[in-house]
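Report on the structure given below.
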Amino acid sequence: MIPVDFHSHTFFSQCGLHSHVEMLTRARELGMAGLAITDHGPVLGGRIPFTFFDRMIDPVPGIRLLKGIEANLDGLEGSIDVSKNRLQYLDIVLLGLHGNTPSQLGADAYTALLIEVMDANPCVDMITHPADGAFPLRFDVLARAAAGRGVVLELNNSKLRLSRIDAEPVHQLVRACKAEGCRMAVSSDAHAINEVGLDGHARRLLECERFPSELIVNETAERAFAFIEERRGGKRV
């Protein structure tokens with residue numbers, strides 16, 4: 001079980017099934033210390049009311065709510081769909097390549113694009129599901145770039161559990177992070193309460209590759225919250 005899960009969706013994403021309170025309640029029942037609610041940005045139809053960011057404060061006792069967003073590219077010019085007036089409220093900003101991104105650009109182009117976006121948007125803390133076969137990447141180049149910028153790469157349990165990606169590219173991603181000293185986060189990418197905190201498929205792969213536990217930023221709750229504080233560092237305002 002993930003002590004602090006950095007990636008989950010509610011019904012404010014078009015793909016999520018439950019409310020913030022339902023997701024947080026399930027996380028508390030599992031004994032987790034924190035859960036990031038990271039609904040999709042508006043480019044993918046996310047409809048997150050501003051009141052979530054500025055007024056919702058730990059609505060479920062005993063579990064810490066991390067306010068986040070899974071952002072998307074907004075064109076191919078390095079911009080993302082996160083409004084600047086919300087940055088001050090965000091604990092974590094994820095970025096993933098999704099269906100709005102043009103297909104068949106090639107690994108070099110997608111890798112260069114993500115690096116450009118990281119440079120243009122220092123608020124980005126984590127790249128989600130980088131082993132998604134729809135958008136091939138140069139894992140060695142991306143891991144090196146992410147490590148140099150303090151950005152983590154995600155090991156997405158959901159994609160493995162649902163067999164939505166081939167395992168071999170994920171192994172290659174983990175090997176690249178290990179070689180480059182790039183930190184990773186294990187995430188459930190939960191879209192329903194029965195998926196919150198799941199990490200079994202990701203854990204088995206990490207064990208197979210003998211990935212150093214010290215490079216997993218949410219290996220413990222203390223380390224996860226320290227990462228949040230490290231990344232916030234005043235850059236949200």
Side-chain angles (χ1 to χ4, degrees), residues 1-40 44 46 59-60 62-70 91-98 125-134 152-174 177 183-225 227-228:
M1 190 62 56
I2 306 171
V4 178
D5 195 343
F6 286 157
H7 188 176
S8 70
H9 296 274
T10 73
F11 51 44
F12 283 118
S13 294
Q14 291 189 346
C15 50
L17 299 178
H18 296 96
S19 70
H20 298 77
V21 169
E22 288 173 308
M23 297 289 279
L24 287 161
T25 299
R26 178 57 179 161
R28 183 185 62 183
E29 292 171 351
L30 292 169
M32 294 169 57
L35 177 66
I37 301 293
T38 54
D39 284 308
H40 286 296
L44 282 195
V60 177
I63 181 78
R64 180 175 170 184
L65 165 64
L66 297 173
K67 297 177 183 179
I69 190 168
E70 186 176 16
D91 296 301
I92 189 166
V93 177
L94 316 184
L95 172 70
L97 298 179
H98 295 101
D125 303 304
M126 183 168 85
I127 304 298
T128 58
H129 41 74
D132 189 333
V152 301
L153 302 185
E154 180 190 51
L155 183 53
N156 188 297
N157 190 78
S158 177
K159 298 281 188 180
L160 290 165
R161 185 176 68 89
L162 299 174
S163 298
R164 290 184 173 172
I165 52 176
D166 294 330
E168 181 52 33
V170 188
H171 281 277
Q172 294 172 7
L173 169 67
V174 172
C177 288
R183 294 181 295 179
M184 303 193 78
V186 177
S187 302
S188 72
D189 193 4
H191 287 61
I193 56 174
N194 59 292
E195 298 174 343
V196 172
L198 293 183
D199 65 351
H201 287 72
R203 288 290 174 186
R204 286 191 288 274
L205 193 148
L206 289 169
E207 290 169 5
C208 178
E209 293 295 338
R210 298 183 179 180
F211 190 77
S213 63
E214 60 268 22
L215 289 179
I216 303 173
V217 296
N218 59 340
E219 179 74 8
T220 66
E222 293 77 14
R223 195 182 299 172
F225 294 138
F227 171 74
I228 295 297

Sorted by chain and number, sequence neighbours left out, side chain to side chain contact (heavy atoms under 4.5 Å, CB included) with E168 holds for H171, Q172, R175
Fit a plane to each ring of F12 and H20, take the angle between them on a 0 to 90° scale, and name the class: parallel (under 30°), tilted (30 to 60°) or perpendicular (over 60°). tilted
Taking side chain to side chain donor-acceptor pair (under 3.5 Å) as the definition, give me every residue that meets it alongside H18, ordered by chain and number, with sequence neighbours left out. none
Looking at residues at least two apart in the chain, or sitting in another chain, which of them share a side chain to side chain contact (heavy atoms under 4.5 Å, CB included) with S158? N156, L162, D189
By side chain to side chain contact (heavy atoms under 4.5 Å, CB included), which residues pair with P212, not counting sequence neighbours? K178, E214, L215
Extract all donor-acceptor atom pairs below 3.5 Å that involve side chains of residues 26-37 and protein atoms in other chains or at least two apart in sequence.
| from | atom 1 | to | atom 2 | distance (Å) |
| --- | --- | --- | --- | --- |
| R28 | NH1 | P61 | O | 3.0 |

Partners of H7 by ring-ring contact (aromatic ring centres under 6.0 Å, His included), sequence neighbours excluded? H9
CD-CD1 distance between E70 and I92, expressed to the nearest 0.5 angstrom: 11.0 Å
Can you tell me which residue pairs pass the ring pair (Phe, Tyr, Trp, His ring centres under 6.0 Å) test with a partner in residues 193-217, sequence neighbours excluded? none
Taking side chain to side chain donor-acceptor pair (under 3.5 Å) as the definition, give me every residue that meets it alongside D132, ordered by chain and number, with sequence neighbours left out. none
Can you name the side chain to side chain donor-acceptor pair (under 3.5 Å) partners of E22, sequence neighbours left out? S19
For the residue pair N157 and A202, what are the closest heavy atoms and their distance? OD1-N, 2.9 Å
Could you work out, with side chain to side chain contact (heavy atoms under 4.5 Å, CB included) as the rule, every residue matching R223, not counting sequence neighbours? E219, T220
Tell me every residue that passes salt bridge (Lys or Arg N to Asp or Glu O under 4.0 Å) with R204, counting only those two or more places apart in sequence or in another chain. none
Can you list everything that forms a side chain to side chain donor-acceptor pair (under 3.5 Å) with D39? Sequence neighbours excluded, please. T10, S13
